[in-house]
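Here's the structure we're looking at; comments come further down.
Nothing here was measured: the structure is a model prediction, and the numbers come from that model.
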Amino acid sequence: MKIAVFASGNGSNFQALVEYFRKQNRTDTFEWLFCDQPNAFVLHRAQKLSVPYSAFSPREFPSKKKYEEKILNILAEKEIDLIVLAGYMRIIGPVLLDAYETRIINIHPSLLPKFPGLHGIRDAFEAKVNQTGVTIHYVDKGVDTGPIIYQEAVSITKEDTLESLEAKIHQTEHQAYPKVIEKVIEKMKKVEEQKND
């Protein structure tokens, strides 16, 4: 299974995924990292991990359609089977959704449907709820609305600061995301085998 990761920032989830799969000696490979922020730290991680990458901004294109068509061309060249979003801060448009229906996975730092959008951790913290968590889901046309694959709760204590809550969420993400992606891949492989029988 050939995997592409889309990220916009620091890239700690990207690194956790690649390192987990390599330790498991899986034949699935991370063929490409795409980043929409040409100066993001995730590109340094990709270099260190020897994962090929591209970085370009939607601002370089006349439309979102053209931007996604360029991404789609590279995905096709690399024969990518699965797209994994790891802190990719853009809404996936119809060009990619149509080509990769049920093959784009996202991780979100809250227990969806609560606290969707860009600031899930901060929104939960400011709402003074006693728990939030992590949701892994398929991507659809909405914002953080796709079918849920996995959720894990994270408690918010009176001692927590926003920074300590972020650290707990990221730790949970780094442990959960690789294992869930592994299961998604196994499911995809079984579906393929059944098609070929």
Side-chain angles (χ1 to χ4, degrees), residues 1-9 11 13-18 20-21 26-38 40 42-43 45-46 49-108 112-113 116-118 135-150 173 176-197:
M1 191 73 62
K2 294 182 177 180
I3 307 161
V5 178
F6 288 16
S8 297
N13 267 315
F14 161 69
Q15 184 166 336
L17 281 164
V18 175
Y20 176 88
F21 272 66
R26 293 186 61 96
T27 54
D28 311 291
T29 53
F30 289 87
E31 294 288 319
W32 186 50
L33 168 80
F34 172 67
C35 183
D36 62 327
Q37 303 289 335
V42 70
L43 301 173
R45 294 184 193 267
L49 292 162
S50 302
V51 174
Y53 63 86
S54 304
F56 47 83
S57 164
R59 288 193 293 273
E60 298 169 41
F61 297 83
S63 66
K64 182 167 182 168
K65 183 172 181 282
K66 293 289 183 195
Y67 165 71
E68 288 203 337
E69 282 171 352
K70 167 87 183 244
I71 296 169
L72 192 58
N73 286 340
I74 300 171
L75 292 167
E77 276 169 29
K78 295 184 177 291
E79 300 177 331
I80 298 297
D81 301 299
L82 177 68
I83 299 170
V84 175
L85 308 184
Y88 183 66
M89 296 303 185
R90 296 194 181 274
I91 294 167
I92 300 288
V95 170
L96 289 171
L97 276 175
D98 291 348
Y100 279 85
E101 191 179 1
T102 70
R103 291 189 294 147
I104 307 175
I105 310 291
N106 184 43
I107 189 163
H108 181 77
L112 292 172
L118 283 177
T135 302
I136 297 165
H137 64 97
Y138 291 104
V139 174
D140 65 7
K141 290 186 173 85
V143 177
D144 300 325
T145 55
I148 290 169
I149 303 165
Y150 176 85
E173 287 178 336
Y177 210 13
K179 289 173 185 169
V180 172
I181 295 300
E182 199 172 34
K183 284 179 182 164
V184 166
I185 287 169
E186 294 314 313
K187 190 176 168 187
M188 286 173 69
K189 285 178 179 173
K190 276 180 190 164
V191 169
E192 276 303 307
E193 283 165 16
Q194 283 164 0
K195 274 186 196 168
N196 296 330
D197 278 353

Do [X] and [Y] have side chains that approach each other closer than 4.5 Å (heavy atoms only, starting at C-beta)?
X	Y	answer
Phe14	Phe6	no
Ile105	Tyr138	yes
Lys189	Asp28	yes
Tyr88	Val42	no
Ile185	Ile3	yes

Rounded distance (nearest 0.5 Å) linking atom [atom1] of [X] with atom [atom2] of [Y]:
X	Y	atom1	atom2	value
Glu68	Ile92	CD	CD1	6.0 Å
Met188	Ile181	CE	CD1	9.5 Å
Thr102	Leu97	OG1	CG	10.5 Å
His137	Ile107	NE2	CD1	9.0 Å
Glu31	Met1	CD	CE	12.0 Å
Asn106	Ile83	CG	CD1	12.0 Å

* Answer yes when Lys195 and Glu192 have at least one side-chain N-carboxylate O distance shorter than 4.0 Å, and no when they do not. => yes
Could you report the tightest heavy-atom contact between [X] and [Y], atom names first, then the distance?
X	Y	result
Leu17	Pro178	CD2-CA, 3.6 Å
Ala86	Val5	CB-CG1, 3.9 Å
Ala40	Cys35	CB-SG, 3.6 Å
Gly117	Asp144	N-OD2, 2.8 Å
Ala55	Pro38	CB-CA, 3.9 Å
Thr135	Leu112	OG1-N, 3.0 Å

* Test ring-ring contact (aromatic ring centres under 6.0 Å, His included) on Tyr20 and Tyr177 and set out the steps. => CA-CA 10 Å; Tyr20 176 88; Tyr177 210 13; over 10 Å; no
* So which pairs with a foot in residues 72-85 pass salt bridge (Lys or Arg N to Asp or Glu O under 4.0 Å), sequence neighbours left out? -> Lys2-Glu79
* Asked: Which residue pairs pass the side chain to side chain donor-acceptor pair (under 3.5 Å) test with at least one member in residues 55-65, sequence neighbours excluded?
  -> Lys65-Glu69
* Asked: Is there a salt bridge (Lys or Arg N to Asp or Glu O under 4.0 Å) between Arg26 and Glu186 once you walk through the steps?
  -> CA-CA 11 Å; Arg26 293 186 61 96; Glu186 294 314 313; 2.5 Å; yes
* Residues two or more places apart in sequence or in another chain: which of them pass ring-ring contact (aromatic ring centres under 6.0 Å, His included) with Phe21? -> Phe30
* Asked: What is the ring orientation for Phe34 with Phe56, classed by angle as parallel under 30°, tilted 30 to 60°, or perpendicular over 60°?
  -> tilted
* Could you go step by step and tell me if Val184 and Tyr150 meet the side-chain contact (heavy atoms from CB on, under 4.5 Å) rule? -> CA-CA 11 Å; Val184 166; Tyr150 176 85; over 6 Å; no
* **Evaluation steps, side-chain contact (heavy atoms from CB on, under 4.5 Å), between Ile80 and Ile74** => CA-CA 9 Å; Ile80 298 297; Ile74 300 171; over 6 Å; no
